[in-house]
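What follows is a set of notes on a single structure, which appears directly below.
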Amino acid sequence: MRRSGRVGGGVVLALVAVLGGCSHPQPRARPAAPVPASAPVATSASPRPATATPTATGGLPGFVVLTALDPRIHADIRYATAHNFVGRPIAGYREPLCLLTRQAAEALRRVQDAALAGGHSLKVYDCYRPQPAVDDFVAWSKRPGEQQTRAEFYPDVAKDRLFADGYIGAPTAHSRGSTLDLTLVDEPPASQPAYVPGQRLVPCTASPGRRFADNSIDMGTGFDCFDARAHTADPSITGTARENRQLLRRLMTDAGFVNYDREWWHYSLREEPYPDTFFAAPVARSSLG
């Protein structure tokens with residue numbers, strides 16, 4: 001998540017919010033056009049259109065389980081676990097799944113083909129995020145005493161600045177089903193030790209040998225790192241880490257995704273089928289339409 005004025009008072013994580021209104025129950029599939037790396041992307045600071053409709057209820061029409069569509073892609077769904085900036089599983093994550101609109105998932109399959117050609121594979125951290133999860137983030141932000149994982153995820157930012165500085169946002173583009181957080185791993189990927197609640201935490205900005213032993217290739221920071229160094233083009237990130245960020249951005253851009261420039265891991269499908277709809281169904285196979 002990254003800095004940029006946010007909605008609501010107080011606190012929150014930078015989970016890009018792109019806002020909207022009307023639901024499209026029968027989305028018209030549109031080709032994913034390549035986007036230049038410099039193309040702008042809306043953030044949660046963008047004003048919500050006056051015509052915006054409420055969050056959609058019911059299931060998730062046209063969504064798929066990404067790893068069922070492409071089993072080659074790895075998944076590490078952090079919000080279904082205790083290893084995230086809140087420090088516990090998040091509301092709405094009933095199963096550790098990456099759910100996406102079929103259009104976004106098909107585009108990711110093309111990214112995976114290109115990544116494998118270079119000896120890498122995709123690993124997703126978060127995909128569709130239900131509105132109850134966003135509400136959980138907002139409620140957490142209003143409880144100043146709950147900072148179990150600050151030492152890892154926001155060591156240099158006061159919790160009461162997380163929303164105001166754009167690290168967390170409500171609503172979030174993730175709830176529209178075509179936005180995801182991901183990285184690249186070597187193929188085959190290195191093993192990753194399990195996170196143990198209560199273990200000693202290391203800042204997400206520490207060197208790869210010191211921070212949590214994620215099997216991602218070096219991106220300069222860990223995932224969900226609330227720090228300027230997580231900005232995709234932050235000048236303090238150099239060498240291999242900078243090249244790795246550029247590689248991920250090139251692969252994703254070529255398949256029609258747009259990066260949120262304050263989070264190296266965050267991408268949205270440019271031609272998403274539900275640009276104005278925020279879904280509330282839980283992350284579970286039973287939610288699929």
Side-chain angles (χ1 to χ4, degrees), residues 1-2 4-8 12-64 66 69 92 98-111 124 126-135 137 166 168-182 249 252-263 265-283 287-289:
M1 319 316 179
R2 280 300 340 137
S4 176
R6 284 275 176 197
V7 180
V12 191
L13 221 188
L15 311 170
V16 174
V18 189
L19 318 173
C22 307
S23 172
H24 301 282
Q26 300 272 334
R28 176 172 54 87
R30 294 170 285 187
V35 184
S38 59
V41 57
T43 73
S44 58
S46 304
R48 189 180 182 103
T51 57
T53 57
T55 299
T57 58
L60 302 172
F63 281 56
V64 299
L66 175 64
L69 183 74
C98 172
L99 304 184
L100 288 171
T101 61
R102 180 170 291 277
Q103 291 88 335
E106 292 284 2
L108 275 183
R109 182 153 60 180
R110 297 194 295 273
V111 179
V124 293
D126 190 38
C127 301
Y128 161 68
R129 181 181 308 151
Q131 184 59 41
V134 180
D135 298 340
F137 290 159
I168 306 174
T172 171
H174 281 273
S175 297
R176 300 199 303 265
S178 296
T179 292
L180 70 157
D181 299 332
L182 81 169
R249 187 170 187 172
M252 295 295 286
T253 298
D254 286 348
F257 289 90
V258 182
N259 175 238
Y260 177 46
D261 62 2
R262 298 188 175 214
E263 298 175 358
W265 54 82
H266 183 113
Y267 286 84
S268 296
L269 185 66
R270 187 185 185 205
E271 298 294 332
E272 61 182 295
Y274 294 110
D276 304 317
T277 304
F278 299 86
F279 293 92
V283 177
S287 295
L288 299 181

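Here the structure is a predicted model, which means the values were calculated and not measured. Position 1 is the first residue of the sequence; numbering continues from there.
In this structure, the side chains of L108 and F257 come closer than 4.5 Å at one or more pairs of heavy atoms. Contact annotation: the side chain of L99 never approaches that of C127 to less than 4.5 Å [non-hydrogen atoms, C-beta and beyond]. In this structure, the side chains of H174 and D126 come closer than 4.5 Å at one or more pairs of heavy atoms. Residues M252 and L182 meet the side-chain proximity criterion, which asks for heavy atoms closer than 4.5 Å.
No donor-acceptor distance shorter than 3.5 angstrom exists from the side chain of H266 to the backbone of D181, with no hydrogens or angles considered. With S287 contributing its side chain and P282 its backbone, the two residues share a donor-acceptor pair below 3.5 Å. Formation of a donor-acceptor pair under 3.5 Å by the S268 side chain with backbone atoms of R270 is not found in this model.
Summarising the geometry of S178 relative to A104, their closest heavy-atom pair is CA-CB, 3.9 Å, with the distance given to 0.1 Å. Between V124 and L66, the shortest heavy-atom contact is CG1-CD2, 3.8 Å. Between A107 and L269 the shortest heavy-atom distance is CB-CD1, 4.0 Å.
Take Y128 and apply the ring pair (Phe, Tyr, Trp, His ring centres under 6.0 Å) test, not counting sequence neighbours, and it matches F63. Qualifying side chain to side chain donor-acceptor pair (under 3.5 Å) partners for S175, counting only residues two or more places apart in sequence or in other chains: none. For A133, the side-chain contact (heavy atoms from CB on, under 4.5 Å) test picks out I90, Y93, R129, P130, with sequence neighbours left out.
Here the OG1 atom belonging to T179 is positioned 12.5 Å from the OH atom belonging to Y267, to the nearest 0.5 angstrom. Atom-to-atom distance recorded for W265:CH2 and Y260:OH is 10.0 Å, nearest 0.5 angstrom.
Of the charged side-chain nitrogens involved, at least one lies within less than 4.0 Å of a carboxylate oxygen, so that R102 and E106 count as a salt-bridged pair.
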